[in-house]
Amino acid sequence: MMTKIWRRFIAPFLVVMNIAVVVVILVSAQSGKTEIVVEKDVMFEPVELPETVSFAGEKMPLERFYVKEALDRELLSNAYFHSQTIRYIKLVPRYFPIIEPILKEHGIPDDFKYLAVAESGLDPRAISPARAAGFWQLMEGTGKDYGLEINSEVDERYHIEKATHVACEYIKKAYEKFGSWTMVAAAYNRGMNGVNRQVERQKEDDYYDLLITTETARYVYRIVALKLILENPEKYKFYISEEDKYPIIPTKKVEIKGSVANFADYAQKQGLSYKVFKDFNPWLRENELTYSGRKRYWVEIPEL
């Protein structure tokens, strides 16, 4: 009988006490929390357009409203595409030192290095849906026309130096035809014949007044937008320290003498993994190389 009475009165009391303890613990924990500060909403502002802009020494006619608005569109697209643009800023120190002297050697304006950014995003392995390949997105026919070796084992469109020389030859030929670096850039995207057809059809040889495909119509503006941002990242709110940028990896050139049966074995003899070897020599497309004796091949060996 006493047991039943105890259960009836004591059990509810214990339940209440347990609840009280839990409440005290929760209140104590809450009082010890760091105060949460709610940040103000991030403000997205329009980009500031320079008063004057040029490409390869040719002034962009910003006094025309449609030119100004087209440049504004591309600046917005790239200034607010943060992950991609930050990566470009990081890659520039690694690849521009390779491109710049070759452009200078051929007498090509330095601004054309930004065309390579627009084409491939500075990705040595870039390939388009149309099968254009490499830094300069060369089509197979164009590469072969300008002397690049392209077959199942070797594709020199992925060889940065050789592809840059070919791009320069194409650019010079286009300049002979159009006499305008801006039109040359458009022709690089659309093809010389494609641009020339519109010039003849519209009786207009000014890129900024040509009605042309959307991609080509935006192309020069995108190059110029990239130029403005990469020349002065801080102006567009990109603050990348020097130590965060990707450095040049020193390499040595080693001649391949004879055929290579297996590049994995070859890489190991050079003290490298197959992956690292291929990263530095993306123009070698297979695991082997047939040497005919008619051409010398040099590979880049990183000095890690």
Side-chain angles (χ1 to χ4, degrees), residues 44 46-50 52-56 58-88 108-109 111-123 125-143 157 163 167 170-171 173-175 177-231 236:
F44 293 101
V47 292
E48 180 182 348
L49 290 176
T52 60
V53 179
S54 65
F55 171 72
E58 297 175 356
K59 184 180 178 183
M60 181 177 279
L62 294 178
E63 65 276 5
R64 306 178 197 175
F65 77 91
Y66 48 90
V67 172
K68 184 176 181 179
E69 290 174 7
L71 178 60
D72 186 54
R73 174 183 184 176
E74 300 308 317
L75 265 176
L76 284 169
S77 295
N78 288 279
Y80 283 103
F81 196 165
H82 299 104
S83 58
Q84 174 181 274
T85 304
I86 288 173
R87 181 164 172 78
Y88 292 165
I108 304 297
D111 279 355
F112 274 87
K113 64 191 179 188
Y114 300 109
L115 184 148
V117 183
E119 282 289 329
S120 64
L122 298 180
D123 178 1
R125 285 193 170 91
I127 186 164
S128 76
R131 310 301 295 174
F135 254 42
W136 296 91
Q137 290 292 276
L138 300 169
M139 297 296 291
E140 181 175 339
T142 302
R157 292 178 296 170
Y170 183 91
I171 289 167
K173 185 175 180 181
Y175 187 74
K177 184 175 185 64
F178 296 108
S180 159
W181 295 116
T182 305
M183 288 288 281
V184 167
Y188 197 95
N189 177 258
R190 184 62 179 164
M192 283 187 262
N193 291 335
V195 170
N196 195 55
R197 279 195 297 271
Q198 295 306 319
V199 168
E200 293 177 350
R201 179 183 182 183
Q202 300 175 41
K203 298 180 174 57
E204 178 62 68
D205 61 1
D206 182 350
Y207 167 80
Y208 299 105
D209 276 326
L210 270 179
L211 180 62
I212 203 162
T213 59
T214 301
E215 181 183 346
T216 307
R218 296 181 61 178
Y219 189 67
V220 173
Y221 296 104
R222 184 173 181 226
I223 294 171
V224 172
L226 289 168
K227 170 190 171 181
L228 291 171
I229 295 171
L230 295 177
E231 281 185 340
Y236 299 94

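For residues 192-202, the set of pairs meeting the side-chain hydrogen bond (donor to acceptor under 3.5 Å, both in side chains) definition, not counting sequence neighbours, comprises Asn196-Glu200, Gln198-Gln202. Residue pairs meeting the ring-ring contact (aromatic ring centres under 6.0 Å, His included) criterion with at least one member in residues 199-220, sequence neighbours excluded, are Tyr208-Tyr221.
Counting heavy atoms from C-beta on, the side chains of Met183 and Leu210 come closer than 4.5 Å. The closest side-chain heavy-atom distance from Val53 to Leu62 is below 4.5 Å. Residues Ser54 and Lys227 form a side-chain contact, since some pair of their non-hydrogen atoms from C-beta on lies under 4.5 Å apart. Contact of the Tyr170 side chain with the Trp136 side chain is not registered, since no non-hydrogen atoms from C-beta on lie closer than 4.5 Å.
Checked against side chain to side chain donor-acceptor pair (under 3.5 Å), Glu231 has no partners two or more places apart in sequence or in another chain. Partners of Asp206 by side chain to side chain donor-acceptor pair (under 3.5 Å), not counting sequence neighbours, listed by chain and number: Arg64. Every residue was checked against the salt bridge (charged side-chain N to carboxylate O under 4.0 Å, His left out) condition with Glu48, not counting sequence neighbours, and none meets it. Take Tyr236 and apply the ring pair (Phe, Tyr, Trp, His ring centres under 6.0 Å) test, not counting sequence neighbours, and it matches no residue. Looking at residues two or more places apart in sequence or on another chain, you find a side chain to side chain contact (heavy atoms under 4.5 Å, CB included) between Ala79 and Val47, Ile229. Remark: Phe44 engages Tyr80 in a ring pair (Phe, Tyr, Trp, His ring centres under 6.0 Å) (not counting sequence neighbours). Not counting sequence neighbours, the partners of Ser180 by the side chain to side chain donor-acceptor pair (under 3.5 Å) test are Glu58. Every residue meeting the side chain to side chain contact (heavy atoms under 4.5 Å, CB included) condition with Thr213, not counting sequence neighbours, appears here in chain and number order: Arg190, Thr216.
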Item to complete: For side-chain contact (heavy atoms from CB on, under 4.5 Å), just list the numbers for Val117 and Lys113, CA-CA rounded to whole Å, side-chain angles, deciding distance to a tenth of an Å, and then say yes or no.
Response: CA-CA 7 Å; Val117 183; Lys113 64 191 179 188; over 6 Å; no
Discussion item. Would Tyr114 and Arg222 count as a side-chain contact (heavy atoms from CB on, under 4.5 Å) here? Give the steps.
Written reply: CA-CA 9 Å; Tyr114 300 109; Arg222 184 173 181 226; over 6 Å; no
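Looking only at distances, no side-chain donor or acceptor of Lys177 sits under 3.5 Å from a matching main-chain atom of Val184. Between the side chain of Ser120 and the backbone N or O of Phe135 there is at least one donor-acceptor pair closer than 3.5 Å.
Listed here is the closest heavy atom pair of Asn78 and Ala225: ND2-CB, 4.2 Å. Heavy-atom minimum distance, Ala187 versus Val195: CA-CG2, 3.6 Å. The two atoms that bring Gly121 and Tyr88 nearest to each other are CA-CE2, 3.5 Å, heavy atoms only. Residues Met139 and Arg157 approach most closely at C-NH1, 3.6 Å, considering heavy atoms.
The distance from atom CG of Asp111 to atom OG1 of Thr182, rounded to the nearest 0.5 Å, is 9.5 Å. Note that CD1 of Ile171 and CG of Leu115 are 6.0 Å apart. Values are rounded to the nearest 0.5 Å. In this structure, CG in Asn189 is found 8.0 Å from CD1 in Ile212, a value given to the nearest 0.5 Å.
Between Trp181 and Phe112, the gap from one ring centroid to the other is short of 6.0 Å.
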Donor-acceptor pairs under 3.5 Å, side chain of residues 67-76 to any protein atom, not counting sequence neighbours: which ones?
| from | atom 1 | to | atom 2 | distance (Å) |
| --- | --- | --- | --- | --- |
| Glu74 | OE1 | Arg218 | NH2 | 3.4 |
| Glu74 | OE2 | Arg218 | NE | 2.6 |
| Glu74 | OE2 | Arg218 | NH2 | 3.0 |

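For Tyr66, the OH atom sits in a packed shell: over 12 heavy atoms of surrounding residues, nucleotides or ligands are nearer than 6.0 Å. Within a 6.0 Å radius of CD in Glu215, other residues, nucleotides and ligands contribute 12 heavy atoms or fewer.
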